Amino acid sequence: MADLRVEVAGVPFKNPVIPASGAFGFGREYEKLYPLSRLGGISCKGTTLNRKDGNPPPRIAETPAGMLNSVGLQNPGIDAFIEQELPYLRTKDVTILANVAGSTVEDCIEIARKLEGTAVDMIELNISCPNVKEGGAAFGSTPQMAAAVTKAVRGATSKPLMVKLSPNVTDITAIAKAVEAEGADAVSLINTLLGMRIDINTRRPVLRNNTGGLSGPAIFPVAVRMVWQVANAVSIPVVGMGGISSGKDAIEMMMAGASAVQVGAALFADPYAPLHIIDGMNAWLDEKGIGSVREIIGTVQPW
Amino acid sequence: MSITQSLYPIIRKQNLARGVYDYTVHCPDIAAEAVPGQFVHIRVPGFQLRRPISICGIDRERGALRLVMEVRGEGTEVLSRINEGELIDLLGPLGHGFTLLPPEKKAVVVGGGIGVPPLLGAISHYGNNGTAITGFRSASAVILQDDFKAAGARAILCTDDGTAGERGFVTAALQKLLESETPDIVYACGPMPMLRAVAKMAEEKGIVCEVSLEERMACGVGACLGCACRTVKNGVEGYSHVCKDGPVFNSREVVL
């Protein structure tokens with residue numbers, strides 16, 4: 001049994017596997033299947049200042065080795081998160097990441113202030129949602145804007161701050177360096193890649209939003225590449241995600257430079273995916289005689 | 001109520017009509033919990049997303065569920081090639097089933113095509129007090145008529161081309177029935193225009209109507225918010241989710 005504990009920006013995780021924001025709600029549904037305490041952490045559904053309805057359906061389309069979604073940040077708002085979800089989650093003995101998505105910089109500041117003094121262990125600032133018109137990926141599309149929103153939120157919170165980056169940019173390392181310079185304690189990547197499917201019989205996009213975010217095994221190699229590039233460009237920790245569905249995928253992502261991993265689309269094929277990934281990592285580490293998962297972080301030896 | 005996910009053996013497979021397969025799966029833990037109107041989420045080898053399939057029958061004694069599915073695309077095509085004796089990965093039971101009144105009440109189910117199977121479980125509850133109005137394209141697509149009769153229900157069959165039963169849509173048959181009878185509840189599952197028409201007829205008569213919806217779905221448990229449908233609750237319009245709040249909704253609270 002290897003030591004699976006990791007730390008990201010001073011926040012301890014009992015193992016490196018965290019269900020990704022948007023795939024796991026606030027944990028209530030999956031708790032019917034297994035205790036949340038077995039997870040490294042939970043990245044909660046992206047939460048905005050006010051309740052948000054999300055996009056019209058269809059919101060889901062299947063793709064080769066993956067899927068598109070255009071949920072559009074449907075959520076009950078930050079007050080409902082703090083009053084109705086957090087009291088339940090804090091009893092579950094699991095590290096809690098609040099995923100914050102503002103449509104303006106002012107919104108992001110206000111949400112961060114509301115989270116001060118709560119049981120949230122870490123803020124994950126989402127500057128990369130591809131499915132909303134305001135804020136979202138627009139914040140994450142240039143180093144200047146990413147820096148500005150990070151600086152504003154940094155000034156509004158004493159909690160560890162992780163910024164979630166979009167892959168839909170020319171140079172993700174420039175964005176990562178910009179948010180590091182403004183005080184981000186960690187970065188998480190990648191959010192979904194912007195995609196589209198068309199029903200050739202109706203000539204209509206499958207998604208009512210026309211475009212959506214691509215996730216699943218199809219994007220795993222892109223995610224590994226971007227995590228590797230970012231890990232080499234910044235000195236803050238990186239949390240890697242994008243198409244991880246097995247323990248070996250998670251090991252690969254950590255070798256690329258991730259200190260922990262998030263798991264999203266894999267939950268839809270296998271609701272127990274996070275637990276199977278934890279078991280798979282443990283088995284691989286034992287087989288190789290590696291005592292701690294921390295020993296593999298960033299150990300890829302590039303040609 | 002607990003949800004289970006596991007591999008379960010298919011103990012019987014039948015081909016009911018072209019592209020329509022009837023599976024009996026031995027899954028005692030799911031069968032013990034399931035109620036009519038709920039669904040199971042089936043993993044398809046090689047595909048990212050599970051396929052939601054409604055429960056057609058629940059046999060608690062044998063610990064078995066009956067699932068009737070139609071080949072609609074590549075995923076259901078793969079499912080249709082899984083044979084008797086092989087294993088199938090089910091997650092369930094999921095969602096919110098039909099509201100069942102005391103069995104002495106009068107109930108009518110109205111179903112179109114592959115919307116028919118989930119209605120069998122609901123109408124079986126009412127024995128001789130049930131009526132099943134079901135519609136299909138033509139005689140070759142007709143399924144489950146003997147099962148409705150065996151459950152005690154009066155079966156009114158409609159086909160679009162008149163090759164079996166009455167010629168015409170289920171809505172016309174329902175209209176006719178409502179001229180002489182007032183059931184206590186109507187359950188409907190099928191294409192959206194059919195659901196709209198059935199709900200309108202029931203509401204005009206002041207009869208409770210429940211509709212079973214479908215939508216493109218990911219998690220199946222209410223976490224990802226993918227399978228949204230428009231609903232009105234306490235006068236406020238917003239999105240509910242077919243997997244958790246449905247698939248069965250009161251017709252008055254869903255925007256069809």
Side-chain angles (χ1 to χ4, degrees), chain A residues 19-34 42 44-46 51-76 197 199 206-209 212 214-218 243 245 264-273, chain B residues 1-7 29 33 40-52 72-76 78 89-95 192 213-233 236-246 254-255:
Chain A
S21 180
F24 206 73
F26 300 101
R28 288 180 191 273
E29 292 77 18
Y30 287 95
E31 167 128 85
K32 290 178 188 159
L33 295 171
Y34 44 86
I42 294 175
C44 294
K45 174 66 188 175
R51 162 179 186 274
K52 202 167 163 62
D53 241 10
N55 291 323
R59 295 176 172 184
I60 302 288
E62 197 166 39
T63 67
M67 60 178 285
L68 292 169
N69 90 81
S70 59
V71 170
L73 284 176
Q74 180 176 2
N75 78 92
R197 292 302 301 269
D199 180 331
V206 175
L207 297 174
R208 184 67 175 71
N209 193 50
L214 178 66
S215 59
S245 12
L267 280 156
F268 306 150
D270 174 13
Y272 290 89
Chain B
M1 201 195 75
S2 69
I3 299 169
T4 316
Q5 177 264 325
S6 191
L7 285 165
D29 30 12
E33 296 275 343
V40 292
H41 218 18
I42 308 183
R43 190 167 186 175
V44 189
F47 288 76
Q48 182 71 28
L49 298 178
R50 288 173 178 259
R51 297 298 188 272
R72 287 207 185 165
E74 292 171 13
T76 41
V78 170
D89 179 338
L90 305 184
L91 170 68
L94 300 175
M192 198 51 97
L213 304 185
E214 64 173 357
E215 184 52 69
R216 287 171 182 269
M217 195 177 280
C219 75
V221 296
C224 78
L225 312 182
C227 55
C229 66
R230 205 78 183 146
T231 52
V232 181
K233 282 184 179 167
V236 183
E237 199 171 317
Y239 288 115
S240 291
H241 297 90
V242 170
C243 72
K244 190 183 186 185
D245 308 306
V254 64
V255 181

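In what follows, chains carry the letters A, B, and so on, assigned in the order in which the sequence lines appear, proteins first and then strands, with residues in each chain numbered from 1. Bear in mind the structure is a predicted one, so any value in this text is a computation, not a measurement.
Within the model, atoms CZ of R216(B) and CG of N69(A) stand 13.5 Å from one another, a figure rounded to the nearest 0.5 Å. Taking CZ from F47(B) and CD from E62(A), the interatomic distance works out to 6.0 Å, rounded to the nearest 0.5 Å. Considering CD of E29(A) and CG of L94(B), their distance stands at 11.5 Å, rounded to 0.5 Å. Distance CG/L267(A) to SG/C224(B): 9.5 Å, rounded to 0.5 Å.
Residues R50(B) and D270(A) approach most closely at NH2-CA, 4.4 Å, considering heavy atoms. Residues Y239(B) and G54(A) approach most closely at CE1-O, 3.7 Å, considering heavy atoms. The shortest heavy-atom contact between I60(A) and A218(B) is CD1-CB, 3.9 Å.
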For L225(B) and R59(A): C-alpha separation, side-chain torsions, deciding distance, then whether side chain to side chain contact (heavy atoms under 4.5 Å, CB included) applies. CA-CA 9 Å; L225(B) 312 182; R59(A) 295 176 172 184; 4.2 Å; yes

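Annotation: maximal heavy-atom pairing with chain B below 4.5 Å, among P64(A), A65(A), G66(A), G216(A), occurs at G66(A). Here A223(B) is the residue among G220(B), C219(B), A223(B) with the most heavy-atom pairs under 4.5 Å with chain A. Of all the listed residues (M217(B), H41(B), K244(B), E74(B)), the one sharing the greatest number of non-hydrogen pairs under 4.5 Å with chain A is K244(B).
In this structure, the portion of L91(B) lying under 4.5 Å from any heavy atom of chain A is its side chain and not its backbone. Proximity to chain B (any heavy atom under 4.5 Å) is restricted, for A23(A), to the backbone atoms N, CA, C and O. With a 4.5 angstrom heavy-atom cutoff, P56(A) touches chain B via backbone and side-chain atoms both. Looking at Y272(A), the atoms closer than 4.5 Å to chain B (heavy atoms on both sides) all sit in the side chain, from C-beta outward. For chain B, no part of A218(A) is nearby; none of its heavy atoms comes within less than 4.5 Å. Proximity to chain A is limited to the side chain of R43(B), based on heavy atoms less than 4.5 angstrom apart.
Heavy atoms of other residues, nucleotides or ligands lying less than 6.0 angstrom from CZ of R28(A) number more than 12.
At least one side-chain heavy atom of P58(A) sits under 4.5 Å from a side-chain heavy atom of E215(B).
In this structure, Q48(B) contributes its side chain and M67(A) its backbone to no donor-acceptor pair below 3.5 Å.
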